[in-house]
Amino acid sequence: MPIITLADGSQRPYAQPVSVYQVAQDISPGLAKNALAGKVGDHLVDTHSLITQDCPLKIITDRDPEGIDIIRHSTAHLLAHAVKELYPDTQVTIGPVIEDGFYYDFSCPVTFTPDTLTAIETRMKEIAKRNIPIQRLEWPRDQAIAFFKNKGEHYKAEIISSIPANETLSLYQQGDFIDLCRGPHVPNTQHLKVFKLMKIAGAYWRGDARNEMLQRVYGTAWAKKEELQAHLTQLEEAEKRDHRKIGKALDLFHIQEEGPGMVFWHPNGWVIYRILEDYMREKYVAHGYQEIRTPQVLSRTLWEKSGHWEKFHEDMFITESEKHDYAIKPMSCPGHVQVFNHGLRSYRELPLRLAEFGNCHRNEASGALHGLIRVRAFVQDDGHIFCTEDQIQEEAARFIDMAQGIYEDFGFTDITVKLATRPDKRVGAETTWDKAEKALEATLQQKKLLWQLAPGEGAFYGPKIEFSMKDCIGRQFTCGSVQLDFSMPERLGASYVAEDNTRQTPVMLHRAIFGTLERFIGLLLEHYAGILPVWLAPHQVSILTITEKQDTFAAEIAQKLQEQGFRTKIDLRNEKIGFKIREHTLNRVPFQVVLGEREASTRTVAVRTLRGHDLGSMSIEALCQLLAQEVAKRGRI
RNA sequence: GCUGACAUAGCUCAGCCGGUAGAGCAGCUGAUUUGUAAUCAGCAGGUCGUGAGUUCGAAUCCCACUGUCAGCACCA
């Protein structure tokens, strides 16, 4: 005799076990119609699942986030159902819910094209309209394996085989289509109305590049049409923030066929690049780093010692001279150890912080290249801290402070922090790893950061803390990181004289904050949608004349601004003011100064902002002050 | 690298089932001297990514290569 406590706190006693659907029906027929699932405590169940004991119950509809996820999951099944109807030889594999939608991976002898995608979507709509009930089945594992093997669904059988033998499995059936699934699902296909198939792509079986490549279909599903529309609009908007588009529109850089993944920086883009470099130099000084410069090409023998020749060979550009192999450096760490090794080091010098704008090349897989964000030639704000084990935590903490301050200057707030721990392939003793991971974790706790664990994602030589940011369509990229390394100093023979006059091997912290200037600028452009704060804008102020009578006055103003160090553009063209404003607005110049008869006679400037605000007339001194204030703010609001 | 799609003027794009290319913007020239997001007119601009093939004839069809885009794998 279950007593059910509803979300509003009211209780309903029942004489017999009841289904979630029946409870919903008792509350209101409308709710029953909209019920997608039930939530018993923290546990989601189907609407036809029976409640036998006292429990709290929430009826899930498409207004609940859980409801949307259930719709997405059921839509993934609907997709598989449609594909099986259209192409019966297809083997289905997995179809999970992802952000904003779902995907399903198929092994299908027919290659999917955009046309087949349309056909599949049409069939999905048809099936949904058939109003098919979706039922949960529970089978012993071996029966399920036999069932799927018999149907030629070898991938499915393989998935089930990895589940312990004595377990009962749940399967879901809609018409002829049966899929292994934990559930819950919507009670009926008619709940699946608002969805769209988005794209097809390849994806390796079990995420392993050695396996067969399956065909993955991505889709999106929502409770209401308007939500779907809003999502599609948002995607379009996101595309406009794409740094590759902005880079072209603002004439910042280009990449061409002869240098895939290698950036040609144009004058406008190079301004941004240099500001970042200069800015970071200031920070290096402020945080006790010494800047150095090491060679870009080094002998194979060094890369063999460092382990790169073995572990990183595929990713390096190799060259040869006088029967000698060389590699173009993919990272600066071995070079920095050479600087450390030059001369006898004392414990008194530690921590020694060396930094470099390291110009690196990596022969990245062609498919990985992506505008500025994933390139083959780049500059890292690379630094290495040589210290004792006791200094690790302090140094890591100082680094986090430094990084956070810098990200704030650039207006980045949505940063994901991860702790990446020991990977399968690694060097070093377990106790060393324990110590290293604990040190980084303790630092994160000390800094009260919200962070995620990324198990197995550490470098082969040590764990790391990563700072990642999202691009315009939500993909995460690591910018800054700090990595603990107990291995390379030893391999490359680094040592210092300790207090007790013994030779000790230092610990090395690899660290970067921008990560690479290229990636950071790419993400920065997307973050600001091309509308850069004044300190970063390639041109900070434009001087626009009404007629040629103001040419001399304009030149005078321009000179004064330039003398004050503001990046100034002067537009004397024989064009209407509206035309000039439009053009300089599209070029994202933050301040526009209009000079006409009025301004020339009163020796003032009329200032307009990029956002279209008219700041009225002011003296040139007032304008300089305004600009200086904006520059000083950097990216902080 | 893998799977799929795409590659036409500086940029954004059109060019149906094969008959040697078109628009808008930008550029140049001229007129206009203009008050807060596009003044008007004229001119010029392309071996249609590269190479090979089918064909009387290829931007269009086939093949290879290169690059780009999305996803996967990899990663700052």
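In the text below, chain A, chain B and the rest are named by the order of the sequence lines, each starting its count at 1.
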By nearest-heavy-atom nucleotide on RNA chain B, the more 5' of A/I255 and A/F112 is A/F112

Exactly one of A/T416, A/L419, A/I465 clears side-chain contact (heavy atoms from CB on, under 4.5 Å) with A/W451, and that residue is A/L419

query = Does the side chain of A/H370 get closer than 4.0 angstrom to OP1 or OP2 of B/A70 through an N or O atom?
reply = yes

Reckon A/R216 has a side-chain N or O less than 4.0 Å from the OP1 or OP2 of B/G4?
no

**Prompt:** Hey, does the side-chain of A/R210 have a donor or acceptor N/O within less than 3.5 Å of a partner on the base of B/C2?
**Reply:** no

Atom CD of A/E212 and atom C1' of B/A73 are separated, to the nearest Å, by 15 Å

Q.
What I want to check is whether an N or O donor and acceptor connect the side chain of A/Y204 with the base of B/G71 at under 3.5 Å.
A. no

Using the P atom as the reference point in each nucleotide, state the distance between B/G4 and B/C62 in Å, no decimals. 15 Å

Separation of B/C75 atom P from A/M331 atom CE, nearest Å, is 10 Å

- Message: Would A/R72 and A/F102 count as a cation-pi pair here, with the cationic atom under 6.0 angstrom from the ring centre and within 45° of the axis?
- Response: no

When rounded to whole Å, the CD1 to C1' distance for the pair A/I465 and B/A76 reads 16 Å

Atom CZ of A/R244 and atom C1' of B/C11 are separated, to the nearest Å, by 17 Å

- Task: Please evaluate the base of B/G35 for a donor-acceptor partner in the side chain of A/E599 within a cut-off of under 3.5 Å?
- Result: yes

Can you tell me if the side-chain N/O atoms of A/K248 get under 4.0 Å from OP1 or OP2 in B/U12?
-> yes

Problem - Sugar-phosphate, base or nothing in reach of A/A249, heavy atoms under 4.0 Å - result: nothing

Fill in: Any A/R376 side-chain N or O less than 4.0 Å from OP1/OP2 of B/C74
no

Base, sugar-phosphate alone, or nothing: which one does A/I546 contact when heavy atoms must sit under 4.0 Å apart? base

Practice prompt. Please state the C1' separation for the pair B/A58 and B/C17 - nearest whole angstrom.
Written response: 14 Å

- When only distance counts, do a donor and an acceptor, one from the side chain of A/E364 and one from the base of B/A76, lie under 3.5 Å apart? yes

Separation of B/G35 atom P from A/L595 atom CG, nearest Å, is 15 Å

Check the phosphate of B/A70 against A/R475, side-chain N and O only, distance under 4.0 Å to OP1 or OP2. Yes or no?
yes

Assign each of A/V607 and A/K199 the nucleotide of RNA chain B bearing its closest heavy atom; nearer the 5' end lies the nucleotide of A/V607

Separation of the C1' atoms in B/C13 and B/C48, to the nearest angstrom | 14 Å

Could you tell me whether A/E237 and A/K240 make a salt bridge, using a distance below 4.0 angstrom between a side-chain N and a carboxylate O? yes

| query | Should the pair A/H370 and A/F477 be assigned to parallel (<30°), tilted (30 to 60°) or perpendicular (>60°) ring geometry? | reply | parallel

Practice item. State whether A/S366 places a side-chain N or O below 4.0 Å from either non-bridging phosphate oxygen (OP1 or OP2) of B/G1. Key: yes

Notebook entry, point to check: If the P atom of B/U47 is compared with that of B/A9, how far apart are they to the nearest Å?
Noted result: 9 Å

### Task
Classify the nucleic acid contact of A/G612 as base, sugar-phosphate or nothing, counting any heavy atom under 4.0 Å across all strands shown.
nothing

- C1'-based separation of B/G53 from B/C65 [nearest Å]: 14 Å

**Request:** Could you measure between the two C1' atoms, the one in B/G1 and the one in B/C56, and give it in whole Å?
**Result:** 43 Å

Among B/U66, B/C69, B/U36, the one nearest any side-chain atom of A/R608 is B/U36

A/L250 atom CG is separated from B/C11 atom C1', nearest whole Å, by 13 Å

Separation of B/U50 atom C1' from A/E257 atom CD, nearest Å, is 8 Å

Separation of B/A76 atom C1' from A/F378 atom CZ, nearest Å, is 6 Å

task: Using a 4.0 Å heavy-atom cut-off across all strands, classify A/C360 as base, sugar-phosphate, or nothing.
output: nothing

- Considering only atom C1', compute the distance from B/A26 to B/G46 and round it to an integer number of Å. 16 Å

Notebook entry, point to check: In terms of side-chain geometry, is the basic nitrogen of A/E466 or A/K464 positioned less than 4.0 Å from the acidic oxygen of its partner?
Noted result: yes

Checklist entry - Within the structure shown, what part of the strands sits under 4.0 Å from A/T478 by heavy-atom distance: base, sugar-phosphate, or nothing? => result sugar-phosphate

Testing B/G71, B/A76, B/G35 for proximity to the side chain of A/R374, the answer is B/A76

Query - Geometric class of the A/Y155/A/W205 ring pair [parallel <30°, tilted 30-60°, perpendicular >60°] - result: perpendicular

field: A/H510 and A/Y461: CA distance, side-chain angles, deciding distance, ring pair (Phe, Tyr, Trp, His ring centres under 6.0 Å) verdict
entry: CA-CA 11 Å; A/H510 305 239; A/Y461 47 72; 4.8 Å; yes

Margin query: If the threshold is 4.0 Å, N to carboxylate O, is there a salt bridge linking A/E395 and A/R511?
Written below: no

Gap in Å between the two C1' atoms, one belonging to B/A14 and one to B/A23, rounded: 7 Å

Exercise for the section: May I ask you to say what A/L586 touches in the nucleic acid, namely base, sugar-phosphate or nothing, with a heavy-atom cut-off under 4.0 Å? Expected result: base

Exercise. Would you classify A/T111 as touching base, sugar-phosphate or nothing, given that sugar-phosphate means primed atoms plus P, OP1 and OP2, and contacts are heavy atoms under 4.0 Å?
Key: sugar-phosphate

(message) When you measure from the side-chain N and O atoms of A/K464 to the phosphate of B/A76, is any distance below 4.0 Å, counting only OP1 and OP2?
(response) yes

ask   = Touch check for A/A209, heavy atoms < 4.0 angstrom, all strands: base, sugar-phosphate only, or nothing?
value = sugar-phosphate

